[in-house]
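Lettering follows sequence order; numbering is per chain, from 1. None of these values were measured; they are calculated from a predicted model.
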2 protein chains.
Amino acid sequence: MARAPAADLLKIDHLLCFALYSAGHAFTRLYKPLLDPLGLTYPQFLVMIALWENDGQTVSEIGDKLLLESSTLTPLLKRLETAGLIKRTRDKDDERVVRITLTRQGLALKDKAASIPETIGCATSLTIGDVKKLASEIKTLRQKLQTALAA
Amino acid sequence: MARAPAADLLKIDHLLCFALYSAGHAFTRLYKPLLDPLGLTYPQFLVMIALWENDGQTVSEIGDKLLLESSTLTPLLKRLETAGLIKRTRDKDDERVVRITLTRQGLALKDKAASIPETIGCATSLTIGDVKKLASEIKTLRQKLQTALAA
DNA sequence: GCGATTTATATCGCGCACGATATAATCGTT
DNA sequence: AACGATTATATCGTGCGCGATATAAATCGC
């Protein structure tokens, strides 16, 4: 149970951050053929999920949920608007705020997307329990990283 | 123990892919202040680690290790060359191949980087054992995703 | 009620990340 | 030897993702 020497920590295969980095990309690649027919990229898909969950959110609220900056979201949301999936409207009470609402098409897309998580789930060949456990562990890790960053 | 209804699978907080996506970004943000003094971005750092582990690799070998395409690596490697950390030389025996070797500066940077994983490790407030276990689970997941993609 | 500060979104520049394609070198078959 | 197929890297266009900055609206202090 000796401590690993510092040198060993600088190996790609030992780095937790690289495991996350590469698994994240692998997920994106796996989603692509499923999202292409919907005309969505993977980050756009995440934004749509956030809106299907709760329509009419502001840009910041979406950013808080997905941990993205306005510099990322504003162009992405404009592309979704151009695609006819959402509408961007300035809040009447506070003109600084932009509220994002689903169009009929945007809402309808939810049905087509409904089967995607299950398809992906099968590809992982993990049980629902395993997926939940792993997701929760990674979420906890992310929260710790966020806390560390804020400190 | 009933199966979760399909609707629940389309919630951001339940998605394993989003956990990975956001934790990956959180890691990158945490690394940034540590890598800035070295003049490296996070993906560049990964490439340097791969080279410190094994100098003189070809572009494809690095791509295989990090799961990146030449369209990503070529510009990145050119930036590392401009920064004076690596040298790109065509292989004498096979002129198609570009071999990447560390310069003296590139090699020297390893010492400055040596303490980074430990600093990050502290930020996660996980034991070495937990980190290893989680990294290995995520790596297994990534392998399953890759397998699914190839199929 | 007016200037200073804060807040919400937008813009810009840079660096990934990838698919599609291009180019050039090597290999295999004949 | 020649030619078609394969391989390694490079190039291009699109879309993130972020830090720094800009802009405009709301709020605070007085």
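- One interatomic measurement links the two molecules: CG of L80(A) to P of dG15(D), which rounds to 11 Å at whole-angstrom precision.
- Nucleic acid contact for R99(A): none, since no nucleic acid atom lies under 4.0 Å from a heavy atom of the residue.
- Aromatic pair F27(A)/Y42(A): ring centres not closer than 6.0 Å.
- Atom NE2 in H25(A) sits roughly 5 Å away from atom P in dA17(C) (whole-Å rounding).
- Between the CZ atom of R104(B) and the CG atom of L102(B) there is a distance of 12.5 Å, given to the nearest 0.5 Å.
- Near DNA chain C, defined here as any heavy-atom distance below 4.0 Å, the residues from residues 27-49 of chain A are R29(A), K32(A), listed numerically.
- Comment: R88(B) engages E81(B) in a salt bridge, judged by a side-chain N to carboxylate O separation of less than 4.0 angstrom.
- For F45(B) and Y31(B), the distance between ring centers is under 6.0 angstrom.
- Atoms CD1 and OH, from I138(B) and Y21(A) in turn, are 15.5 Å apart once rounded to the nearest 0.5 Å.
- At whole-Å resolution of the value, CG in L67(B) and C1' in dG19(C) are 17 Å apart.
- Atom CG of D64(A) and atom P of dT7(C) are 13 Å apart (whole Å).
- Going from atom OH of Y21(A) over to atom C1' of dC16(D) covers 13 Å, rounded to whole Å.
- The nearest whole Å value for the distance from the CD atom in E69(A) to the C1' atom in dC12(C) is 15 Å.
- When the side-chain nitrogen and oxygen atoms of T74(B) are compared with OP1 and OP2 of dA10(D), one or more of them lie within a distance under 4.0 Å.
- Rounded to whole angstrom, the span from the CD1 atom of I100(B) across to the P atom of dA8(D) amounts to 14 Å.
- When heavy atoms are screened at a 4.0 angstrom cut-off, L76(B) is found touching the sugar-phosphate backbone but no base atom.
- Between L38(A) atom CG and L109(A) atom CG the span is 5.0 Å, to the nearest 0.5 Å.
- One can place CG of L68(A) at 16 Å from C1' of dA8(C), the figure rounded to the nearest angstrom.
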Kindly give the atom pairs (protein nitrogen or oxygen, nucleotide nitrogen or oxygen) under 3.5 Å for nucleotides 20-28 of chain D.
residue : atom : partner : partner atom : Å
dA26(D) : OP1  : E95(A)  : N            : 2.9

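- Listed pair R90(A) / dA8(C) fails the phosphate criterion, with no side-chain N or O lying under 4.0 Å from OP1 or OP2.
- Between the CG atom of L77(A) and the CG atom of L51(A) there is a distance of 7.5 Å, given to the nearest 0.5 Å.
- Atom CG of L145(A) sits about 8.0 Å away from atom CD1 of I120(B), to the nearest 0.5 Å.
- Side-chain contact of T58(B) with R99(B): a donor-acceptor pair under 3.5 Å is absent, judged by distance alone.
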